[in-house]
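Positions are given from 1, in the same order as the sequence printed here. Just so you know, ligand 1 is whichever comes first in the structure, and atom 1 is the first atom listed for that ligand.
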Amino acid sequence: MGMEKHNHSILGIIGNTPIIKLQNVAREVESEIYVKLEYMNPGGSIKERVAVNIIEKAVERGELKEGGTIIEGTSGNTGVGLAMSAAVNGYKTIFVLPDKQSQEKIDNLRAFGAKVIVTPTNVAPDDPKSYYSVAKRLAASTPNSFYANQYYNMDNQEAHYNSTGPEIFEQTDGDFDVFMAGVGTGGTISGTGRYLKEKMPDVKIVGVDIEGSILEPFFRTGKVVEAHSYVLEGIGEDIFPDNLDFGVIDDMVMIEDKESFIMTRKLLTKEGIYCGGSGGAAVVGAIKYAKTQKEPKKIIVILPDSGNRYTGKIFNDDWMRDNGYFDNSFNASISDVLEHLNKGDKSLISLGDDKTIGDAVDLMKKYGISQVPVISNGEIMGIISEAKVLRPLFESQISLRDNVAVAAERNFEIIDSHELLEKVADKLLDQKTVIVKKDDNLVAILTDIDILHYLQCKTF
Ligand SMILES: Cc1ncc(COP(=O)(O)O)c(C=O)c1O
């Protein structure tokens with residue numbers, strides 16, 4: 001065979017993306033969650049499968065001719081797929097994007113040589129300024145042009161029926177119970193779902209939708225609700241695309257922006273998976289769905305695109321913080337913190353008020369601690385701390401034989417373990433020693449180092 005097996009363009013390596021099992025982020029459910037890494041496609045998303053099929057079919061039908069211009073209203077990824085195919089085959093491209101799309105996607109399309117037109121996000125689909133309307137108008141007025149129309153062109157769904165579906169079945173031998181994907185145009189869930197149902201009559205096809213979209217409410221109630229805006233790109237609609245076939249879908253799960261973005265970050269830090277926000281959303285959806293199941297299931301989830309399209313947003317700490325998407329760790333309770341640090345399941349080490357400073361130093365040495373409370377009549381009368389006794393001992397102001405009362409400081413506060421960490425942080429800033437009480441027992445001293453350790457573990 002030699003080099004003949006490499007006799008194809010970049011378009012020849014679309015598909016055959018790997019499936020891996022989540023190791024860490026879904027431990028709260030017994031179901032096994034597997035993810036298909038569509039960002040391993042050469043342009044970084046699942047939409048290349050769609051773009052190539054749409055172009056091939058348009059050429060076959062004579063709708064796209066040599067040197068023609070491909071026009072699309074796209075959330076970005078379909079644009080990359082179309083631009084890639086256009087580059088190889090010599091077409092021109094014009095893309096119309098809503099302004100909530102990330103700058104990286106827009107820059108990426110322009111780098112392919114495409115013309116990119118940005119339209120406002122918060123307008124109705126039938127508004128003349130919407131990206132659907134602008135794309136349609138451009139297609140009508142540009143000579144020798146072809147409107148890819150991924151929402152209504154059934155070659156979108158067909159691409160998944162012919163490639164994503166068979167590929168997943170072959171890769172798994174059908175050894176799974178549930179297929180899940182985010183729903184945008186509906187092409188992925190409907191095409192892949194239709195193929196899988198033909199091969200595996202018992203498989204469940206579950207869509208993931210976002211709060212603010214009209215799709216899941218319609219699926220559940222048959223009613224069309226008013227759409228409202230959300231930040232996540234790729235999932236959810238304010239229209240019913242022809243490519244969405246509710247007949248294939250067994251269930252739908254709703255997710256929100258914040259949980260999706262946090263999961264997208266966790267997929268990178270806890271699994272090494274660098275996918276976009278709709279992948280995080282789909283994993284959140286899969287965990288939610290798994291929780292509704294009586295038996296553990298094997299679930300396959302599509303991760304549609306790459307994280308590198310979102311470096312200015314989801315993977316940017318300032319953006320996450322400014323938009324309120326970071327988990328506020330100070331909202332944790334003190335018992336959460338103790339549990340995290342493996343502290344607080346023993347009783348607190350203390351000593352009686354009849355003991356000497358020498359006894360206190362021995363105790364601190366023995367247990368490797370730096371503070372010890374002094375108990376008098378069942379109550380704490382003060383704290384002996386390593387840092388505070390050292391200098392007076394050196395300067396002979398006190399002696400190891402003195403009673404602990406001489407060096408005990410009253411600058412402490414007892415806080416119940418149900419209180420929020422936020423409260424402790426304030427006390428520590430006031431240089432107070434914080435002693436935690438749980439069910440009437442004193443269980444731990446919390447130090448600023450403890451809190452730093454906790455926050456370090458909780459950040460992404
Ligand atoms: C990033 C991303 N995720 C998910 C989807 C949804 O896939 P589909 O359009 O096949 O429903 C899209 C489609 O636009 C997307 O771009």
Side-chain angles (χ1 to χ4, degrees), residues 35-39 41 43-51 53-54 72-82 95-98 100-102 104-106 108-109 131-132 135 148-165 168 179-195 205-210 213 215-216 219 230-246 248-249 252 255 257 260-261 263-264 267 274-285 301-310 313-314:
V35 289
K36 186 159 171 67
L37 307 182
E38 284 297 309
Y39 66 73
N41 281 305
S45 96
I46 192 166
K47 293 286 181 167
E48 288 141 54
R49 299 177 191 261
V50 172
N53 192 48
I54 284 182
E72 179 62 327
T74 166
S75 65
N77 289 325
T78 307
V80 171
L82 290 169
F95 300 117
V96 187
L97 269 68
K100 79 168 183 183
Q101 299 299 327
S102 61
E104 291 87 338
K105 283 185 186 174
I106 295 169
N108 192 200
L109 289 173
Y131 80 102
Y132 309 102
N149 201 6
Q150 62 168 333
Y151 289 88
Y152 297 96
N153 183 340
M154 299 305 278
D155 294 331
N156 167 1
Q157 193 189 111
E158 216 52 32
H160 294 290
Y161 181 84
N162 290 326
S163 103
T164 322
I168 291 175
F179 170 74
M180 292 187 70
V183 183
T185 66
T188 308
I189 193 105
S190 311
T192 313
R194 180 156 55 91
Y195 180 88
I205 307 298
V206 180
V208 179
D209 194 16
I210 176 139
S213 156
L215 303 178
E216 190 268 1
F219 175 82
Y230 47 85
V231 178
L232 184 72
E233 297 167 43
I235 293 184
E237 288 304 333
D238 50 6
I239 50 159
F240 294 105
D242 282 357
N243 271 299
L244 174 56
D245 178 1
F246 281 117
V248 170
I249 301 178
M252 287 190 85
I255 50 85
D257 281 326
S260 304
F261 298 151
M263 178 56 81
T264 308
L267 282 168
Y274 192 29
C275 72
S278 69
V283 170
V284 169
V301 182
I302 294 283
L303 304 187
D305 72 349
S306 160
N308 63 22
R309 304 236 160 99
Y310 307 90
K313 287 188 173 178
I314 304 170

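- Counting only residues at least two apart or on different chains, the salt bridge (Lys or Arg N to Asp or Glu O under 4.0 Å) pairs with a member in residues 153-164 are R61-D155, E158-R194.
- Ligand-side atoms of ligand 1 in range of S278: 1 (C), 2 (C), 3 (N), 4 (C), range being under 4.0 angstrom from any heavy atom.
- Minimum heavy-atom separation, G187 to N156: CA-OD1, 3.5 Å.
- The distance from atom CG of L97 to atom CD1 of I106, rounded to the nearest 0.5 Å, is 5.5 Å.
- The T185 neighbourhood of ligand 1 comprises atoms 8 (P), 9 (O), 10 (O), 11 (O), with distances under 4.0 Å to a heavy atom of that residue.
- At under 3.5 Å, not a single nitrogen or oxygen of N156, backbone or side chain, sits near a nitrogen or oxygen of ligand 1.
- With hydrogens and angles ignored, the 3.5 Å screen pairs a side-chain donor or acceptor of E72 with a backbone N or O of N149.
- The distance criterion of under 3.5 Å between nitrogen or oxygen atoms is met by G186 with respect to ligand 1.
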**Report entry** E104 vs K313, salt bridge (Lys or Arg N to Asp or Glu O under 4.0 Å): CA-CA, chis, key distance, verdict
**Finding:** CA-CA 10 Å; E104 291 87 338; K313 287 188 173 178; over 6 Å; no
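- Between R309 and E233 no salt bridge is recorded (no basic side-chain N to carboxylate O distance below 4.0 Å).
- Between the side chain of N243 and the backbone N or O of Y151 there is at least one donor-acceptor pair closer than 3.5 Å.
- Contact annotation for D305 and ligand 1: only side-chain heavy atoms (C-beta onward) come within less than 4.0 Å of the ligand.
- Short contacts between ligand 1 and G187, defined as distances under 4.0 Å to a heavy atom of the residue, involve ligand atoms 10 (O), 11 (O).
- The backbone N or O of S45 lies less than 3.5 Å from no partner atom in the side chain of N77, so there is not a single donor-acceptor pair.
- Checked by distance only, ligand 1 and Y310 stay at 3.5 Å or farther apart across all their nitrogen or oxygen atoms.
- By the ring-ring contact (aromatic ring centres under 6.0 Å, His included) test, Y152 pairs with no residue at all, sequence neighbours left out.
- Contacts between V183 and ligand 1 below 4.0 angstrom, taking non-hydrogen atoms only, involve the backbone exclusively.
- Residue E233 places no N or O, backbone or side chain, under 3.5 Å from any N or O of ligand 1.
- Contact annotation for K47 and ligand 1: only side-chain heavy atoms (C-beta onward) come within less than 4.0 Å of the ligand.
- Listed by number with element, the atoms of ligand 1 under 4.0 Å from a non-hydrogen atom of P304 are 2 (C), 3 (N), 4 (C).
- At a 4.0 Å cut-off, not a single heavy atom of G276 sits close enough to ligand 1 to count as contact.
- Counting only non-hydrogen atoms, the option in G279, G234, A181 that gets closest to atom 6 (C) of ligand 1 is G234.
- Of the listed options T74, V50, V80, T188, T188 places a heavy atom closest to atom 10 (O) of ligand 1.
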